[in-house]
*Asks:* 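Before I ask anything, let me first share the structure, which is written out below as structure tokens.
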Amino acid sequence: GNYMCDGRGIAMSTRLTLDENPGLTTAEIDSMLNAYLGIEQYYPLDYIESGGIHHIDCWAKFLSPEKILLKEVPVGHYAYDELEANYAFLSSIANSYGRPYEIYRIYTPNFEPYTNSIILNDKVFVPQYGTAWDDDALATYEAAMPGYEILGYSGSWLTDDAIHCRAMGVTDR
């Protein structure tokens with residue numbers, strides 16, 4: 001959950017990757033990402049919370065090599081400044097085609113991790129929380145991903161644990 005890649009050589013995570021590997025320099029981690037995964041540009045982004053799992057998929061997600069979905073919270077929310085700082089940074093860098101990213105904001109007043117979805121073929125499975133914001137979350141995905149079937153799923157999701165965290169490790173026997 002703390003790794004996302006655009007499929008064209010750019011990857012992002014939170015700085016948890018650096019913090020969990022204190023014996024390695026950023027350059028060494030970059031070298032490993034390139035050698036094993038073909039990553040040419042790696043961005044370790046700042047945390048947005050003081051605790052929790054610190055996975056990027058709880059607040060950001062690549063939708064394509066040119067599109068990023070980013071959580072948006074109300075002014076005054078404890079993670080507002082950190083999210084807006086990451087938004088400013090993501091707005092300042094180029095995608096793998098050399099253009100600015102299209103950044104879609106998904107409003108989460110209760111910190112719902114709608115970004116913790118999973119994309120499988122032409123379907124997107126989006127966690128739902130039984131709030132008034134579920135329909136808006138689905139509409140945001142529909143606007144950002146035309147041609148995909150957007151499906152909402154209720155569950156026992158947490159703010160740092162939803163569909164992507166749980167399903168990314170399920171194998172097809």
Side-chain angles (χ1 to χ4, degrees), residues 1-8 10-14 16 43-49 52-170:
N2 191 38
Y3 174 82
M4 65 178 187
C5 178
D6 71 350
R8 298 185 45 84
I10 295 177
M12 298 178 192
S13 73
T14 65
L16 183 64
Y43 297 105
L45 302 173
D46 287 334
Y47 299 140
I48 62 163
E49 297 183 77
I53 62 173
H54 297 301
H55 285 186
I56 197 168
D57 65 357
C58 294
W59 53 271
K61 183 175 196 69
F62 270 122
L63 301 178
S64 77
E66 296 183 277
K67 297 177 184 179
I68 296 174
L69 182 66
L70 184 65
K71 184 182 277 191
E72 182 177 21
V73 295
V75 175
H77 188 279
Y78 69 87
Y80 178 82
D81 291 338
E82 291 81 3
L83 280 168
E84 294 309 304
N86 281 333
Y87 171 72
F89 174 75
L90 293 171
S91 297
S92 75
I93 61 174
N95 64 34
S96 57
Y97 298 110
R99 297 185 292 265
Y101 282 103
E102 291 177 59
I103 300 176
Y104 290 82
R105 301 301 299 266
I106 194 159
Y107 189 64
T108 64
N110 302 308
F111 219 55
E112 302 91 344
Y114 293 119
T115 55
N116 201 287
S117 63
I118 191 162
I119 302 168
L120 295 172
N121 300 322
D122 61 349
K123 295 179 177 24
V124 183
F125 301 90
V126 181
Q128 300 285 272
Y129 297 88
T131 71
W133 306 106
D134 287 351
D135 289 341
D136 291 343
L138 296 175
T140 300
Y141 273 96
E142 288 167 358
M145 302 182 75
Y148 285 81
E149 184 178 3
I150 310 300
L151 303 165
Y153 282 90
S154 297
S156 58
W157 319 126
L158 307 173
T159 58
D160 62 356
D161 169 47
I163 293 175
H164 185 256
C165 288
R166 297 183 194 188
M168 62 178 267
V170 177

*Asks:* Minimum heavy-atom separation for Pro109 to Pro74, with atom names?
*Replies:* CA-CD, 3.8 Å

*Asks:* Apply side-chain contact (heavy atoms from CB on, under 4.5 Å) to residues Leu45 and Met12 and explain how you reach the verdict.
*Replies:* CA-CA 7 Å; Leu45 302 173; Met12 298 178 192; 4.2 Å; yes

*Asks:* Is the shortest side-chain heavy-atom distance between Phe89 and Ser91 below 4.5 Å?
*Replies:* no

*Asks:* Which heavy atom of Leu16 sits nearest a heavy atom of Ile53, and at what distance?
*Replies:* CD2-O, 3.4 Å

*Asks:* On a heavy-atom basis, which atom in Arg105 and which in Thr140 lie closest, and how many Å separate them?
*Replies:* O-CG2, 3.6 Å

*Asks:* Ignoring hydrogens and geometry, is there a side-chain-to-backbone donor-acceptor pair from Asn2 to Ile56 under 3.5 Å?
*Replies:* yes

*Asks:* Distance check, rounded to the nearest 0.5 Å: Gln128 atom CD versus Asp134 atom CG?
*Replies:* 4.0 Å

*Asks:* Look only at the side chain of Lys61 and the backbone of Ser117, and say whether a donor-acceptor pair between them is shorter than 3.5 Å.
*Replies:*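 Yes.
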
*Asks:* Does any part of the side chain of Ile68, heavy atoms only, come nearer than 4.5 Å to the side chain of Leu63, both counted from C-beta?
*Replies:* no

*Asks:* Got Glu112 and Pro127 here, is their nearest side-chain heavy-atom distance under 4.5 Å?
*Replies:* no

*Asks:* Classify the side-chain pair Glu102/Tyr104 by whether it contains a donor and acceptor separated by less than 3.5 Å.
*Replies:*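 Indeed, the side chains of Glu102 and Tyr104 share at least one donor-acceptor pair under 3.5 Å.
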
*Asks:* Quick one: sort the Trp133 and Tyr107 rings into parallel, tilted or perpendicular, breaks at 30° and 60°.
*Replies:* perpendicular

*Asks:* When the ring planes of Phe62 and Tyr101 are compared, do they come out parallel, tilted or perpendicular, using 30° and 60° as the limits?
*Replies:* tilted

*Asks:* Please check this pair: side chain of Thr115 against backbone of Trp59, looking for a donor-acceptor N/O pair closer than 3.5 Å.
*Replies:*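 Here the side-chain-to-backbone pair exists.
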
*Asks:* Please tell me if the side chains of Met4 and Ile10 come closer than 4.5 Å, counting only heavy atoms from C-beta onward.
*Replies:* no

*Asks:* Please find the pair of heavy atoms, one from Asn86 and one from Asp46, that lie closest to each other, and give the distance.
*Replies:*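 Closest heavy-atom pair between Asn86 and Asp46: ND2-O, 3.2 Å.
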
*Asks:* Would you say the rings of Tyr114 and Tyr129 are close, in the sense that their centroids are separated by under 6.0 Å?
*Replies:*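 They qualify: ring centres under 6.0 Å apart.
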
*Asks:* Would you please test Val73 and Tyr78 for side-chain contact (heavy atoms from CB on, under 4.5 Å) and show each step?
*Replies:* CA-CA 9 Å; Val73 295; Tyr78 69 87; over 6 Å; no

*Asks:* In Å, rounded to the nearest 0.5 Å, how long is the span from CD of Glu149 to OH of Tyr141?
*Replies:* 15.0 Å

*Asks:* Can you list the steps and then say if Thr108 with Glu72 is a side-chain contact (heavy atoms from CB on, under 4.5 Å)?
*Replies:* CA-CA 6 Å; Thr108 64; Glu72 182 177 21; 6.0 Å; no

*Asks:* Donor-acceptor pair, distance only, cut-off 3.5 Å: does the side chain of Lys67 make one with the backbone of Ile103?
*Replies:* no

*Asks:* Glu142 and Tyr148: side-chain donor and acceptor closer than 3.5 Å?
*Replies:* no

*Asks:* At their closest point, which heavy atom of Glu82 faces which heavy atom of Ile48, and how far apart are they?
*Replies:* CB-CA, 3.7 Å

*Asks:* Near Asn121 CG, under 6.0 Å, is it more than 12 heavy atoms from other residues, nucleotides or ligands?
*Replies:*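 No - once you tally the heavy atoms of other residues, nucleotides and ligands closer than 6.0 Å, there are 12 at most.
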
*Asks:* Does Asn116 offer a backbone N or O that forms a donor-acceptor pair with the side chain of Asp57 under 3.5 Å?
*Replies:* no

*Asks:* Assess whether side-chain contact (heavy atoms from CB on, under 4.5 Å) is satisfied between Leu90 and Tyr43, documenting all intermediate values.
*Replies:* CA-CA 10 Å; Leu90 293 171; Tyr43 297 105; over 6 Å; no

*Asks:* Can you check whether Val124 reaches Leu151 side chain to side chain, under 4.5 Å on heavy atoms?
*Replies:* no

*Asks:* For Pro65 and Ser96, which heavy atoms make the closest approach, and how far apart are they?
*Replies:*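 Between these two residues, the closest heavy atoms are CB-OG, 4.0 Å.
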
